[in-house]
Amino acid sequence: DADHRDLHKEYRRQRQMLIRDSGLGIYIKYGIPCARDPAFEDTDQPYICLRFALIHATTYIFFLYRPHDDKLAVINGILSF
């Protein structure tokens with residue numbers, strides 16, 4: 001069995017002020033044309049923005065961790081960009 005790190009790129013974001021080694025992790029298969037785009041990220045919010053370069057368009061997808069008690073702060077942070 002191959003290790004997932006041999007087959008995928010990893011994008012990671014640590015959650016602040018929480019347990020060490022907790023956070024958001026995304027694995028994208030090698031060969032998929034994407035890159036992290038920090039221009040659309042807020043350092044105070046737990047989400048990652050990936051830019052997918054497709055044949056006729058560029059698509060941005062946000063991956064987020066949203067705790068049940070955040071009162072939509074993460075989503076409002078994304079919408080403010």
Side-chain angles (χ1 to χ4, degrees):
D1 274 328
D3 189 336
H4 67 83
R5 289 170 288 207
D6 296 333
L7 303 173
H8 300 86
K9 292 184 282 185
E10 178 182 18
Y11 298 95
R12 189 149 183 77
R13 175 111 183 220
Q14 292 300 118
R15 289 170 48 202
Q16 297 179 5
M17 301 185 315
L18 294 174
I19 301 170
R20 189 174 64 100
D21 295 330
S22 68
L24 181 62
I26 301 165
Y27 296 92
I28 303 291
K29 185 176 180 178
Y30 281 118
I32 294 177
C34 75
R36 190 166 178 178
D37 195 337
F40 291 106
E41 294 182 6
D42 180 344
T43 57
D44 295 329
Q45 299 294 336
Y47 65 87
I48 295 173
C49 177
L50 294 183
R51 182 184 71 243
F52 290 83
L54 306 174
I55 293 172
H56 296 290
T58 299
T59 299
Y60 295 87
I61 299 179
F62 292 84
F63 299 87
L64 61 101
Y65 171 80
R66 182 181 168 256
H68 68 278
D69 62 348
D70 81 336
K71 298 182 176 59
L72 298 177
V74 175
I75 294 171
N76 289 333
I78 292 170
L79 294 174
S80 70
F81 271 92

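Residue numbers count from 1 along this sequence.
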**Fill in**
Sorted by chain and residue number, the ring pair (Phe, Tyr, Trp, His ring centres under 6.0 Å) partners of F63 (sequence neighbours excluded) come out as none
**Prompt:** If you measure from CD1 on I48 to CD1 on I61, what distance do you get to the nearest 0.5 Å?
**Reply:** 13.0 Å
**Item:** ring pair (Phe, Tyr, Trp, His ring centres under 6.0 Å) partners for F52, two or more places apart
**Value:** none
**Prompt:** What distance do C34 atom SG and I28 atom CD1 have between them, rounded to the nearest 0.5 Å?
**Reply:** 4.5 Å
**Partners passing side-chain contact (heavy atoms from CB on, under 4.5 Å) against I55 (at least two apart in sequence or in another chain)** = none
**Prompt:** Do the side chains of R36 and R51 get nearer than 4.5 Å, heavy atoms only?
**Reply:** no
**Message:** Would you compute the distance between atom CG of L50 and atom CD1 of I26 and round it to the nearest 0.5 angstrom?
**Reply:** 5.0 Å
**Which atom of Y47 lies closest to which atom of L64, heavy atoms considered** = CB-CB, 3.6 Å
